[in-house]
**Student:** 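The structure under discussion is supplied below as structure tokens; questions concerning it will follow.
In what follows, residues are counted from 1 in the order of the sequence shown.
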Amino acid sequence: MRTRETLERTLASIDGRGYASYKQLHGTYDLGLFRLAVDHVQVDPYAPPSKARAILDLDATGLPADLIDTARKRVAVSDFLTRQCHEAARKATDGDRTVSFGTPGQEVLPRTSVLIADDRVEARFEAALPAKGRRVLGRVAADILTGTVPRIVESSLRHDNLDAEALRAHVELHLDQEHLRARLGERGLVAFVADGAILPRRSGDSDLPMSAGATPFAGPESLRVSFDLPSGRTVTGMGVPEGVTVVVGGGYHGKSTLLRALERGVYPHVPGDGREWVITRHDAVTVRAEDGRAVTGVNISPFITGLPSGTDTTRFTTTNASGSTSQAANLVEALEAGTSLLLIDEDTSATNFMIRDELMRKLVPADREPITPFVDRIRPLYEELGVSTMLVAGGSGAFFAVADHVIALDAYVPRDVTDAAHAITDGPRETPAERAAEDATRVFAAEARRVPAATSLRPKNKTKPAKARGRGAIQYGTDTIDLSAVAQLVDPAQTTAVAHVLDRLADLLDGRRSLHESVDEVYRRIERDGLDALSPHSGHPGHLALPRRHEVHAALNRYRGSRITTRD
């Protein structure tokens, strides 16, 4: 192992030389409190930043043993330390991101930014090594690597320099949130929103809570539930029951805001976010129309069949889905990925997929309409598959008759209007005899297995690893996988991880495993080997955050090069 003096001498000796001279830094240096491992050096000033790790012996951090003795606690502590490093780096570099430990959002996610192992803590960072033109600024680099970075590490990773109460509260909150999530099913609930939650965000481009003027959430008495939590606290609020729940109200009264909060409630949140106690089942999936997406071998026949073109909708494939076919595919794919709760907003749905009113039913005979609207399938989804739906409806009362619960929002205040909604409906659309005949046949038969071809993720045009392009896209060979409509992919670091998962899947697909089985195998390996194992790089894995299986399914399903067969 090299010394601090060696690092300083090397940087002084290459000062003013060509940028490639920075490659001499590759290696590990003893900087006293920690070891600096320079894993990758950027090739020129305009390339992605260099990657390095600050490695501390666990004892040197002073982290209390009772805060890191389980995997879940380590996720919370790692998140806390990542945020400390991020803030310290921002202050130390005047916000210019010369040194970056990643940029965590409001969600607490398993990340690679700070690794807590049995014997050490590693803080992984990227450093834009300075240059004048294409010439090394060695003395400036020395100040960054032997001055700025040690100050960040000292202030952010040693327990003596942390707010110990805030760290412990961060861990307790995380454990409480996940405890509550685990209790939803046994209480017959799909989601929970605590009294006092702040759901509105500061602006359309900010995920921070509204700082002034927000109405604290207060659930209706009829849906009130309480949870006793491991920390000793009790939270009370609105429990959303299993089944079909419809949310109504005037425009700008908070319907979509509630649904967006529940959409993000699949992840735990940081203290002060306002949505700390908006807890949704982890497998909930937002379903919307997505015109133009590719669909490969999806059985959308429960919703669309008998197309005039003769297209087989039991194995529906297209490179340019319409609003209705894309929403049908999104829903069926969510079922394949294992959801128990669908989140749907009328505003982002295809109208002809959702409803067909009585006048249209009279004018266009049923045998001439290939779409069976979602309103006719929402009950079988729950009664046959146990899949609940929470639906925002602002312009149609078509779902009142099939809803178990109807919640009205008035200036962000929810009321239970189920009885009133049922009272104003005209009753079921079918007679009891018609309903019985329909119930005798399952709408959602056992799904066939969708099996990707062994070469499905090995196109000839792909010569480099898959690469994320921000939060909403992945470059896969010469193709772009558009994930902009995948609403629960919340962090670019998750998208980077999805890109790596696709590369791992390319090695797993064998023409026999189903898509679901293949994705599950990758996640078993992540659970066994850690999130680092996704990266093709040794040492610093890059900044990754764990996505859900559902977002991996979404990426593979949207890849236009996918070749998927259906087998019984």
**Student:** Counting distance only, does the side-chain N/O of R504 pair as donor-acceptor with the main-chain N or O of L534 below 3.5 Å?
**Tutor:**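 Yes, the answer is positive, given that a donor and an acceptor are paired below the 3.5 Å cut-off.
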**Student:** List the atom of L409, the atom of G254, and the distance in Å for their closest heavy-atom pair.
**Tutor:**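 Residues L409 and G254, closest heavy atoms: CD1-O, 3.3 Å.
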**Student:** Restricting to side-chain hydrogen bond (donor to acceptor under 3.5 Å, both in side chains), what partner residues turn up for D228, sequence neighbours left out?
**Tutor:**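 Listed in chain order: T234.
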**Student:** Grab the two heavy atoms, one from I474 and one from A499, that are nearest each other, plus how far apart they are.
**Tutor:**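 So the two residues come closest at CD1-N, 3.8 Å.
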**Student:** Backbone N or O of L457 within a donor-acceptor pair of the Y476 side chain at under 3.5 Å?
**Tutor:**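 Checking the backbone N and O of L457 against the side chain of Y476, a donor-acceptor pair under 3.5 Å is found.
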**Student:** Just by distance, with hydrogens left out, do S388 and E242 show a side-chain donor and acceptor under 3.5 Å apart?
**Tutor:**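 No donor-acceptor contact under 3.5 Å links the two side chains.
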**Student:** Roughly how far apart are H550 NE2 and T339 OG1, rounded to 0.5 Å?
**Tutor:**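 Answer for the NE2-OG1 pair, H550 versus T339, is 5.5 Å.
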**Student:** Let me confirm one number: the CG-NZ distance from L502 to K462, rounded to the nearest 0.5 Å.
**Tutor:**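 One gets 8.5 Å once the value is rounded to the nearest 0.5 Å.
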**Student:** Should R224 and D195 be marked as a salt bridge (Lys or Arg N to Asp or Glu O under 4.0 Å) after you check the CA-CA gap, both sets of side-chain angles, and the distance that decides it?
**Tutor:** CA-CA 9 Å; R224 185 170 298 276; D195 292 341; 2.4 Å; yes
**Student:** Step by step, work out the side-chain contact (heavy atoms from CB on, under 4.5 Å) result for V287 and L343.
**Tutor:** CA-CA 6 Å; V287 172; L343 301 173; over 6 Å; no
**Student:** Checking Q106 side chain against L208 main chain: does a donor-acceptor pair fall under 3.5 Å?
**Tutor:**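 No; zero donor-acceptor contacts below 3.5 Å.
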**Student:** Surrounding CD of E527 (heavy atoms of other residues, nucleotides or ligands, distance under 6.0 Å), is the total greater than 12?
**Tutor:**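 Open: at most 12 neighbouring heavy atoms sit under 6.0 Å from CD of E527.
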**Student:** Run H405 and V246 through side-chain contact (heavy atoms from CB on, under 4.5 Å) and show every step you take.
**Tutor:** CA-CA 6 Å; H405 300 278; V246 177; over 6 Å; no
**Student:** Does R513 pair with D520 as a salt bridge, N-O distance under 4.0 Å?
**Tutor:**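 Between D520 and R513 there is no salt bridge, as every charged N stays at least 4.0 Å from the carboxylate O atoms.
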**Student:** Looking only at atom types and distance, does a side-chain atom of K255 sit under 3.5 Å from a main-chain N or O of G249, one as donor and one as acceptor?
**Tutor:**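 Yes.
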**Student:** Can you check whether A294's main-chain N or O pairs, donor with acceptor, with R558's side chain at less than 3.5 Å?
**Tutor:**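 Checked: no pair found.
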**Student:** For a quick check under 3.5 Å, do N320 and T318 share a side-chain donor-acceptor pair by atom type?
**Tutor:**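 There is no such pair between these side chains.
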**Student:** Indicate yes or no for a side-chain donor-acceptor contact from T112 to the backbone of L544 under 3.5 Å, with no hydrogens or angles considered.
**Tutor:**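 Yes, T112 side chain to L544 backbone: donor-acceptor pair under 3.5 Å.
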**Student:** Do S322 and T325 have side-chain atoms, one donor and one acceptor, less than 3.5 Å apart?
**Tutor:**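 Yes.
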**Student:** About how many Å separate NE2 of H253 and OG1 of T257, when rounded to the nearest 0.5 Å?
**Tutor:**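 Rounded to the nearest 0.5 Å, the OG1-NE2 separation comes out at 11.5 Å.
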**Student:** If the test is side chain to side chain donor-acceptor pair (under 3.5 Å), which one of H282, H553, Q494, Q488 qualifies with R548?
**Tutor:**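 In the set H282, H553, Q494, Q488, the residue that makes a side chain to side chain donor-acceptor pair (under 3.5 Å) with R548 is Q488.
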**Student:** Is E517 salt-bridged to R449, going by a charged N under 4.0 Å from an acidic O?
**Tutor:**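 Salt bridge: yes.
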**Student:** Kindly give the heavy-atom pair with the smallest separation between R288 and T348, and that separation in Å.
**Tutor:**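 Closest approach of R288 to T348: CB-O, 3.4 Å.
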**Student:** Provide the closest heavy-atom pair for S222 versus D416 in the form atom of the first, atom of the second, distance.
**Tutor:**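 Of all heavy-atom pairs spanning S222 and D416, the closest is OG-OD2, 2.6 Å.
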**Student:** Listed by chain and number, what are the side-chain hydrogen bond (donor to acceptor under 3.5 Å, both in side chains) partners of D79, not counting sequence neighbours?
**Tutor:**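 Counting only residues at least two positions away or on another chain, D79 forms a side-chain hydrogen bond (donor to acceptor under 3.5 Å, both in side chains) with R83, H170.
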**Student:** Do V451 and R512 make a side-chain contact, defined as non-hydrogen atoms from C-beta onward lying under 4.5 Å apart?
**Tutor:**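 Sidechains of R512 and V451: no contact.
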**Student:** Answer yes or no: is there a donor N or O on one side and an acceptor on the other, between the side chain of R379 and the main chain of V402, under 3.5 Å?
**Tutor:**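 At least one qualifying donor-acceptor pair exists.
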**Student:** One thing to verify: whether R293 and E333 come together as a salt bridge, which I'm taking to mean a side-chain N less than 4.0 angstrom from a carboxylate O.
**Tutor:**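 Counted as a salt bridge, because a side-chain N and a carboxylate O are separated by less than 4.0 Å.
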**Student:** Could you grab the distance from atom CG of L556 to atom CD1 of I564, nearest 0.5 Å is fine?
**Tutor:**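 Here the interatomic distance stands at 5.5 Å.
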**Student:** So, Q177 and Y267: side-chain donor and acceptor under 3.5 Å apart, yes or no?
**Tutor:**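 On atom types as modelled, these side chains do not qualify, holding no pair under 3.5 Å.
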**Student:** Applying the salt bridge (charged side-chain N to carboxylate O under 4.0 Å, His left out) test to D273, which of R201, R202, R264 qualifies?
**Tutor:**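 For D273, the salt bridge (charged side-chain N to carboxylate O under 4.0 Å, His left out) check succeeds only for R201.
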**Student:** Can you measure from OG (S326) to CG (D291) and round to the nearest 0.5 angstrom?
**Tutor:**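 Going from the OG atom of S326 to the CG atom of D291 covers 5.5 Å.
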**Student:** Does R111 pair with D491 as a salt bridge, N-O distance under 4.0 Å?
**Tutor:**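 Salt bridge present between R111 and D491.
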**Student:** State the CZ-CG distance between R458 and L505, to the nearest 0.5 angstrom.
**Tutor:**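 Answer for the CZ-CG pair, R458 versus L505, is 11.0 Å.
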**Student:** Using only atom types and a distance under 3.5 Å, with no angle test, would you say the side chain of T389 pairs donor to acceptor with the backbone of V244?
**Tutor:**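 Judged by distance alone, no pair lies under 3.5 Å.
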**Student:** Without hydrogens or angle criteria, can the side chains of H179 and R183 be said to hold a donor-acceptor pair below 3.5 Å?
**Tutor:**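 Yes - a donor-acceptor pair under 3.5 Å links their side chains.
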**Student:** Test side-chain contact (heavy atoms from CB on, under 4.5 Å) on L335 and V387; report intermediate values, then the result.
**Tutor:** CA-CA 8 Å; L335 299 179; V387 175; 3.8 Å; yes
**Student:** Go through F217 and Y412 one step at a time and tell me if the ring-ring contact (aromatic ring centres under 6.0 Å, His included) criterion holds.
**Tutor:** CA-CA 7 Å; F217 189 86; Y412 289 89; 9.8 Å; no
**Student:** Using 4.0 Å as the upper bound for N to carboxylate O, is an ion pair formed by E336 and R450?
**Tutor:**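 Looking at E336 together with R450, the answer is yes, because their closest N to O distance falls below 4.0 Å.
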**Student:** Locate the shortest heavy-atom distance separating I198 from A214; write the atom from each residue and the value.
**Tutor:**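 Scanning both residues completely, I find the closest heavy atoms to be CG2-CB, 3.8 Å.
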**Student:** Looking only at the side chains, is there a donor atom on one of R281 and S340 sitting less than 3.5 Å from an acceptor on the other?
**Tutor:**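 Yes, side-chain donor-acceptor contact under 3.5 Å.
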**Student:** Taking the side chain from D345 and the backbone from S256, do they hold a donor-acceptor pair closer than 3.5 Å?
**Tutor:**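 Pair absent, no side-chain N/O of D345 close to backbone of S256.
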**Student:** Quick check against the 3.5 Å criterion: does N461 have a side-chain atom that pairs as donor or acceptor with the backbone of D479?
**Tutor:**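 Checking the backbone N and O of D479 against the side chain of N461, no donor-acceptor pair under 3.5 Å is found.
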**Student:** Tell me if the CG atom of D419 is crowded by more than 12 foreign heavy atoms within 6.0 Å.
**Tutor:**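 No, because the 6.0 Å sphere around CG of D419 holds 12 heavy atoms or fewer from other groups.
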**Student:** For N352, give me all partners under side-chain hydrogen bond (donor to acceptor under 3.5 Å, both in side chains), at least two apart in sequence or on another chain.
**Tutor:**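 Testing N352 for side-chain hydrogen bond (donor to acceptor under 3.5 Å, both in side chains), a comparison that skips the adjacent residues, returns none.
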**Student:** Please confirm whether R187 makes a cation-pi placement over F227, using NZ or CZ under 6.0 Å from the six-membered ring centre and within 45° of the ring normal.
**Tutor:**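 So R187 does make the cation-pi contact.
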**Student:** Looking only at the side chains, is there a donor atom on one of Q327 and S349 sitting less than 3.5 Å from an acceptor on the other?
**Tutor:**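 Per modelled atom types, Q327 and S349 side chains form a pair under 3.5 Å.
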**Student:** Can you give me the closest heavy-atom contact between T245 and I407, atom names plus distance?
**Tutor:**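 Minimum heavy-atom separation between T245 and I407: CG2-CD1, 3.9 Å.
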